[in-house]
**Student:** 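Have a look at this one before I ask anything.
All ligand and atom numbering here is 1-based and tracks the order in the structure.
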Amino acid sequence: MHLCVIPGDGIGREVVPAALDVLRATGLPLEITEAEAGWECFQRTGTALPDTTLAAARAADAVLFGAVGSPSFPVPGYRSPIVALRKALDLYANIRPVRDHQPPLADHKRTSSSAIDGRSSVVDLVVVRENTEGMYAGRERLEDGGDTAIAERVITRRASARIVRAAFELARARLQAKSHQPKVTIVHKANVLRETCGLFRSTALQVASEYPDIAYEEMLVDNCALQLVQRPAHFDVIVTTNMFGDILSDVASYWGGGLGLAVSANLGEARALFEPVHGSAPDIAGRGIANPFAAIGCVALLLEWLAARPDASEPAALSAAASRIRAATAQIQASGPHTPDMGGTAHTTDITQAVIAALA
Ligand code: NAI
Ligand code: MG
């Protein structure tokens, strides 16, 4: 397998090497092209996403991405390279699964979802986020001598239809894999954003009618944020536009043990990029305490995606390696060591070494 690996900035450079160590330990044949992107790259070279990186991403079987740090102030010529990369590779579906963390994390971090929900229930949901348009289309400008800032939110029927279809296909696949009835929650704010969310909503309902075997519901985004906190086990597949999905997936990640464990797949028709949900975490970068489980989980997802491709070579070996990584990470998540975000005192490398030992 040929991977393009983009560690990026901050803890991206700590968790991606950890995930690669775990991948190498599976013994799978591996060819890696390392490429750069991000704020540091921009400062050094004047571009946040070099053409060589884009070419390397296109040439590889899949991309493993860490995180990039983007300043919260405008910088001429700078645009978030991950947003640009998703768009350039047409990775339109951002799939963000969250499973109840077992065993529950240290009590100071959270109460179990069952307790909050008031019944025995498990969180097992997926946020399916549109990845190419919406509020992140990059259409912003200043007017009025800089006193008015305008962002254009772009919603198209085509992008809405394909992301909602991806959500329903995922729900159908989950129907086959699970005992309970799957459900798609279509999240929007069409009561206020009548044209943009209105188009997303009407397109989504049209697609839903093509899937009579899959239940669905609509939910306004603000209520969805509350329900994700109050009744997370209510959800199965959530499909929504770009920025809503970005925010809701951070909320949802809490139930899976927080950002240190949250994984995501960015999928297009033939390409895929896997990345932790978290960012470059400047508050802990360089201290060696970043949680590598999200990045390691991304490697497992990546192997599963490669194994499922119609032209996969040695799919059984890829799936077996993914299962071994999942089993080893589950074991270490249960037993420790843990990094500080999970209530422990271990370092990134301690987790990596423990996972590799558990693989054997
Ligand atoms: P963040 O995800 O980097 O961090 C949020 C909080 O979670 C921080 O307290 C951090 O220490 C903690 N955290 C995140 N990942 C962790 C891990 N693996 N282990 C332990 N703790 C972890 O989000 P924040 O602070 O809002 O943004 C920081 C930078 O990251 C910004 O420049 C932002 O633009 C960028 N960012 C990049 C993303 C990407 O590359 N896909 C996604 C989100 C933010
Ligand atoms: Mg985010």
Side-chain angles (χ1 to χ4, degrees), residues 5-19 36-43 48-49 53 63-75 78-87 89 91 94-96 98 101 105-106 109-110 127 129-131 134-136 138 225 240-254 256-266 273-299 329 333 337-352:
V5 173
I6 307 174
D9 294 315
I11 64 166
R13 299 189 192 184
E14 302 171 36
V15 297
V16 165
E36 48 177 14
W39 176 238
E40 210 270 342
C41 174
F42 177 81
Q43 287 178 307
L49 181 62
T53 296
V63 182
L64 180 65
F65 186 92
V68 287
S70 300
S72 290
F73 49 87
V75 175
Y78 184 88
R79 215 193 138 201
S80 166
I82 182 63
V83 174
L85 196 54
R86 289 169 183 152
K87 196 162 176 153
L89 299 179
L91 302 169
N94 193 329
I95 311 287
R96 299 183 154 191
V98 176
H101 188 267
L105 295 180
K109 289 292 273 188
R110 48 163 282 192
V127 178
R129 161 189 174 191
E130 203 291 321
N131 225 7
M135 279 311 287
Y136 296 172
T240 191
T241 47
N242 201 341
M243 186 168 79
F244 293 167
D246 188 9
I247 297 168
L248 293 177
S249 55
D250 268 39
V251 177
S253 80
Y254 178 77
L259 281 178
L261 287 92
V263 300
S264 83
N266 296 265
L273 177 152
F274 299 83
E275 54 164 340
V277 171
H278 66 71
S280 60
D283 55 338
I284 59 164
R287 290 168 54 196
I289 54 165
N291 189 339
F293 278 130
I296 295 169
C298 286
V299 165
T329 50
Q333 283 175 13
H338 291 151
T339 43
D341 59 304
M342 290 177 76
T345 55
H347 285 78
T348 311
T349 48
D350 300 324
I351 313 298
T352 314

**Student:** Which atom pair, heavy atoms only, marks the closest approach of Ala290 to Glu14?
**Tutor:** CB-OE1, 4.1 Å
**Student:** Of all the non-hydrogen atoms in the protein, which one sits nearest to atom 21 (N) of ligand 1, and at what distance?
**Tutor:**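 Protein heavy atom at minimum distance: Ile284 CD1, 3.6 Å.
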**Student:** So which protein heavy atom does atom 13 (N) of ligand 1 come closest to, and at what separation?
**Tutor:**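 The closest one turns out to be Ala281 CB, 4.2 Å.
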**Student:** Less than 4.5 Å apart, side chain to side chain, heavy atoms only: is that true for Asn242 and Val83?
**Tutor:**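 Side-chain contact under 4.5 Å: no.
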**Student:** What are the two closest non-hydrogen atoms of Pro292 and Ala18, and how far apart are they?
**Tutor:**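 Heavy atoms of Pro292 and Ala18 come nearest at CB-CB, 3.8 Å.
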**Student:** Give me the atom names and distance for the closest heavy-atom approach of Asp283 to Arg287.
**Tutor:**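 Looking at all heavy atoms of both residues, the shortest contact is O-NH1, 3.5 Å.
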**Student:** Write out the residue and atom name of the closest protein heavy atom to atom 43 (C) of ligand 1, then the distance separating them to 0.1 Å.
**Tutor:** Gly279 CA, 3.6 Å
**Student:** Going by distance only, is there an N or O of Pro276 that falls short of 3.5 Å from an N or O of ligand 1?
**Tutor:**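 Between Pro276 and ligand 1, no N or O pair is found under 3.5 Å apart.
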**Student:** Ala281 and Ile11: which non-hydrogen atoms are nearest, and at how many Å?
**Tutor:** CB-CD1, 3.6 Å
**Student:** Counting only heavy atoms, tell me which of Ile82, Val68, Ile6, Ile11 gets closest to atom 16 (C) of ligand 1.
**Tutor:**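 When every heavy atom of Ile82, Val68, Ile6, Ile11 is considered, Ile11 comes closest to atom 16 (C) of ligand 1.
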**Student:** Measure the distance from atom 28 (C) of ligand 1 to every protein heavy atom, then report the residue, atom name and distance (to 0.1 Å) of the closest one.
**Tutor:** Pro282 CD, 3.5 Å
**Student:** Starting from the Mg ion (ligand 2), look over the N/O/S atoms of Asp246 and name the nearest one.
**Tutor:** OD1
**Student:** Mind checking whether Thr339 has a heavy atom under 4.0 Å from ligand 1?
**Tutor:** no
**Student:** Do Asn266 and Arg129 have side chains that approach each other closer than 4.5 Å (heavy atoms only, starting at C-beta)?
**Tutor:**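 No - every pair of side-chain heavy atoms lies 4.5 Å or more apart.
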**Student:** Looking only at protein heavy atoms, identify the closest one to atom 18 (N) of ligand 1 and say how far it is in Å.
**Tutor:** Asn291 O, 3.0 Å
**Student:** Counting non-hydrogen protein atoms only, what is the nearest one to atom 14 (C) of ligand 1? Give residue, atom name and distance.
**Tutor:**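 Closest protein heavy atom to atom 14 (C) of ligand 1: His278 CB, 3.5 Å.
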**Student:** Of the non-hydrogen atoms in Val16 and Pro7, which two are nearest, and what is the gap between them?
**Tutor:**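 Looking at all heavy atoms of both residues, the shortest contact is CG2-CA, 4.1 Å.
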**Student:** Could you tabulate the donor-acceptor pairs under 3.5 Å formed by side-chain atoms of residues 64-74, not counting sequence neighbours?
**Tutor:**
from: Ser70; atom 1: OG; to: Tyr78; atom 2: OH; distance (Å): 3.0

**Student:** In terms of residue, atom name and distance, what is the protein heavy atom nearest to atom 10 (C) of ligand 1?
**Tutor:** Asp283 OD1, 3.4 Å
**Student:** Which ligand 1 atoms does Asp341 reach within 4.0 Å, using its non-hydrogen atoms?
**Tutor:**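 Going through ligand 1 atom by atom, the ones under 4.0 Å from Asp341 are 20 (C).
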**Student:** Output yes when a side-chain donor or acceptor of His338 lies under 3.5 Å from a complementary backbone atom of Ala346, and no otherwise.
**Tutor:**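 Judged by distance alone, no pair lies under 3.5 Å.
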**Student:** Just going by heavy-atom distances, which of Ala18, Ser70, Ala285, Ala295 is nearest to atom 33 (C) of ligand 1?
**Tutor:** Ser70
**Student:** Take atom 40 (O) of ligand 1 and look for protein heavy atoms under 4.0 Å from it; say yes if you find one, no if not.
**Tutor:**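 So far as the 4.0 Å threshold goes, atom 40 (O) of ligand 1 is in reach of a protein heavy atom.
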**Student:** Grab the two heavy atoms, one from Ala294 and one from His278, that are nearest each other, plus how far apart they are.
**Tutor:**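 So the two residues come closest at CB-CD2, 4.1 Å.
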**Student:** Could you list the atoms of ligand 1 found under 4.0 angstrom from a heavy atom of Ser280?
**Tutor:**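 Listed by number with element, the hits are 3 (O), 29 (C), 30 (O).
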**Student:** Of the protein's non-hydrogen atoms, which lies at the shortest distance from atom 6 (C) of ligand 1, and what is that distance?
**Tutor:** Leu259 CD1, 4.3 Å
**Student:** Run the numbers for me: atoms of ligand 1, each under 4.0 Å from some heavy atom of Glu275, listed by number.
**Tutor:**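 The list of qualifying atoms is 41 (N).
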**Student:** Please state whether Val277 comes within less than 4.0 angstrom of ligand 1, counting heavy atoms only.
**Tutor:** yes
**Student:** If you measure every N/O of Pro71 against every N/O of ligand 1, is any gap under 3.5 Å?
**Tutor:**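 Such a contact does not occur with ligand 1.
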**Student:** Checking side chain to side chain contact (heavy atoms under 4.5 Å, CB included) against Leu261, which of Ile296, Thr329, Asn291, Val277 comes through?
**Tutor:** Asn291
**Student:** Run the numbers for me: atoms of ligand 1, each under 4.0 Å from some heavy atom of Gly69, listed by number.
**Tutor:**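 Those qualifying, in numeric order: 32 (O).
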**Student:** When you compare the side chain of Tyr136 with that of Arg86, does any pair of heavy atoms fall below 4.5 Å?
**Tutor:**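 No, their side chains stay 4.5 Å or more apart.
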